[in-house]
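Worksheet: the structure to be examined is printed underneath.
In what follows, every heavy atom counts, from backbone to side chain, and hydrogens, waters and symmetry copies are set aside. Here the structure is a predicted model, which is why all the values come from computation and not from measurement.
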Amino acid sequence: MDRLIISQLSCGEPKSLVVIGGGVTGALSAFELRRAGHRVTLLEARNWGNGSSSRSAACIRAQFENPSTIRGMVYCEQYYTQWTSIVGGDHSPITQNGYLFLRDWSANMEEIRRIVEIQREAGLSEVELLGRKELEDRFPYLESTGIQGATWCPKDGFLEPSVVYSGAVEAAKKLGAETIQNAEVVSVVFDDDRPIAVKAKDGREFGGEVFVNACGVWAPHISHLFGGYPIDVKARRRYLYFLEGFKDGGGDYMEQNDFNRLPMIITPRGCYFRPESARGSKLMMMGWLQPTRPVRPTFDNQDVIEPGFSNIGDGDYGVALRKEITTYLPDAEKMGKIITATTGFYEDTPDRNPLIGWDPWTPNLLHAAGFSGHGLMHAPFTAAAVVHLVTAGCSLDTIELPVVGRVDVRALAVDRVFSGSEGMVI
């Protein structure tokens, strides 16, 4: 792949914007809007990254089913590898240990092969379909009994969320953006039915020509304040567990260096695990996609651990999760104890694809929400889409991204008819 040169996007006629939400989506959108030449105010209700951004599993992959999503994620992975030259800071937030999807005998390998071809045609040339023998040769510490094969991409990996949202905020601020924490939006000021300002809880007002709703699970509430479209975003609770790694340098099948280079591994039943970081941590992060009922999110209930999900006492779910992992990574049995459990919200849409586009009812309101657990990895693509849409001042069918070319964004429209669903969701 050619080296990606990510220059600033043209803004056409500069506009005054208020971006609501200081997580990764809002922060990076504010940076790219300011880099393009727009006037930007970024508002966060609490502290930067207060919502799902700071509670994320923080993974990144381009292994999806939809060609537009794949191209967008190829762009995002390139963006994150060039982070310091684009945004600044002393290191990139991405660790490219790879993503490995294990497929057991219930999987339709012809369908998996078809998806891999879609991924390659969409620009993910590094993705591979591994047979069982290839899997055993490359990852000898894994138990392959019952496994047909796997899909593998070395460009995938995981991110450091705080580097993304804090770095983007600082970069936007250096370019002249106004960045304000503890500014919870509670009402909207209208002039002839057109929003002209938002009012914070402490009474401050922030005016703008365009307003960007990047509020995650709170996006429906913000849309309602604007008299906007009733966007279908539901908050669902997800859990992460952190397991102590090896205390004596390794296990029976893998050394500490193997653990440090461990990819994000997804078992056939949707359990996933990876090293917590590439910076000296000896913890392993674990999670599992589980069906959950929607909940009403508040700023104060984000960290509530429900009965049966803690890491101590009644932590049945964590115990089951570790057993599932040990089936495929036997040395997990040699590791320490589950030292903590954390929780946060997914902002789910019915088809698991985000809502990025103009509001159908309020013409100067733009939504960027509903990422279904993928907001951190999508953020560079989302920010680029926001800039294109603000510059155009109208809905677009496609946007142009460096190297990956045209990306169809019609499937992200706020008022689309939900049909089908992104199948590769964890």
Under 3.5 Å side-chain donor-acceptor pair for S52 and E347: no
Sole candidate of F206, W218, F226 that passes side chain to side chain contact (heavy atoms under 4.5 Å, CB included) when paired with I20: F226
Aromatic ring pairing Y317/W288, orientation class (parallel under 30°, perpendicular over 60°, tilted between): tilted
Check: S223 side chain, Y229 main-chain N or O, donor-acceptor pair, under 3.5 Å: yes
Salt bridge present between R138 and E128 (N-O < 4.0 angstrom): yes
Partner of T292 by side-chain hydrogen bond (donor to acceptor under 3.5 Å, both in side chains), out of K234, R238, R236: R238
Expected output: side-chain E32 to main-chain P380 donor-acceptor under 3.5 Å: no
Contact summary for S144 and R132, nearest pair of heavy atoms: OG-NE, 3.3 Å
Pairwise side-chain contact, P354 with T382, heavy-atom cut-off 4.5 Å (strictly under): no
E143: side chain to side chain donor-acceptor pair (under 3.5 Å) partners, not counting sequence neighbours: T145
Aromatic plane relationship, F381 with H378 - under 30° parallel, 30 to 60° tilted, over 60° perpendicular: perpendicular
Where A379 and V24 come nearest, the two heavy atoms and their spacing: CB-O, 4.1 Å
Results of salt bridge (Lys or Arg N to Asp or Glu O under 4.0 Å) for R39 - residues two or more places apart only: E209
With sequence neighbours excluded, residues passing salt bridge (Lys or Arg N to Asp or Glu O under 4.0 Å) with R237: none
Side-chain heavy-atom pair P275, N260 within 4.5 angstrom cut-off: no
Whether over 12 other heavy atoms sit under 6.0 Å from Y141 OH: yes
Under the ring pair (Phe, Tyr, Trp, His ring centres under 6.0 Å) test, residues paired with Y80 that sit two or more places apart: W83
L262 side chain reached by M284 side chain, heavy atoms, under 4.5 Å: yes
Student check: side-chain heavy atoms of F242 and M286 closer than 4.5 Å: no
Main-chain N/O of V127 paired to R120 side chain as donor or acceptor, under 3.5 Å: yes
Aromatic plane relationship, H374 with F64 - under 30° parallel, 30 to 60° tilted, over 60° perpendicular: perpendicular
Option from F101, F139, Y99 for which ring-ring contact (aromatic ring centres under 6.0 Å, His included) with W152 holds: F139
Ionic contact status for E117 with R114, cut-off 4.0 Å: no
Student check: side-chain heavy atoms of K15 and L33 closer than 4.5 Å: no
Any donor-acceptor N/O pair, H388 side chain to A384 backbone, under 3.5 Å: yes
Test item: E121 and I70 side chains (from C-beta on) under 4.5 Å apart, heavy atoms: no
Side chain to side chain donor-acceptor pair (under 3.5 Å) partners of residues 163-176, not counting sequence neighbours, each pair once: none
4.5 Å side-chain heavy-atom contact, L42 and F31: no
Heavy-atom pair with the smallest gap, counting every atom of A214 and T25: CB-CG2, 4.0 Å
pair D303-T342: side-chain heavy atoms closer than 4.5 Å: no
Under 3.5 Å: donor-acceptor pair, side chain of S310, backbone of P307: no
Given I231, D232, L412, V233, the one that forms side chain to side chain contact (heavy atoms under 4.5 Å, CB included) with T349: V233
Flag, side chain of Y239 to backbone of E306, donor-acceptor distance under 3.5 Å: yes
Under 3.5 Å: donor-acceptor pair, side chain of Q96, backbone of K155: yes
Backbone N/O of S53 and side chain of S56: donor-acceptor pair under 3.5 Å: no
Backbone of G308 reached by a side-chain donor or acceptor of D316 within 3.5 Å: no
Flag for S106-D104: side-chain donor and acceptor within less than 3.5 Å: yes
Partners meeting salt bridge (Lys or Arg N to Asp or Glu O under 4.0 Å) with K247 (sequence neighbours left out): none
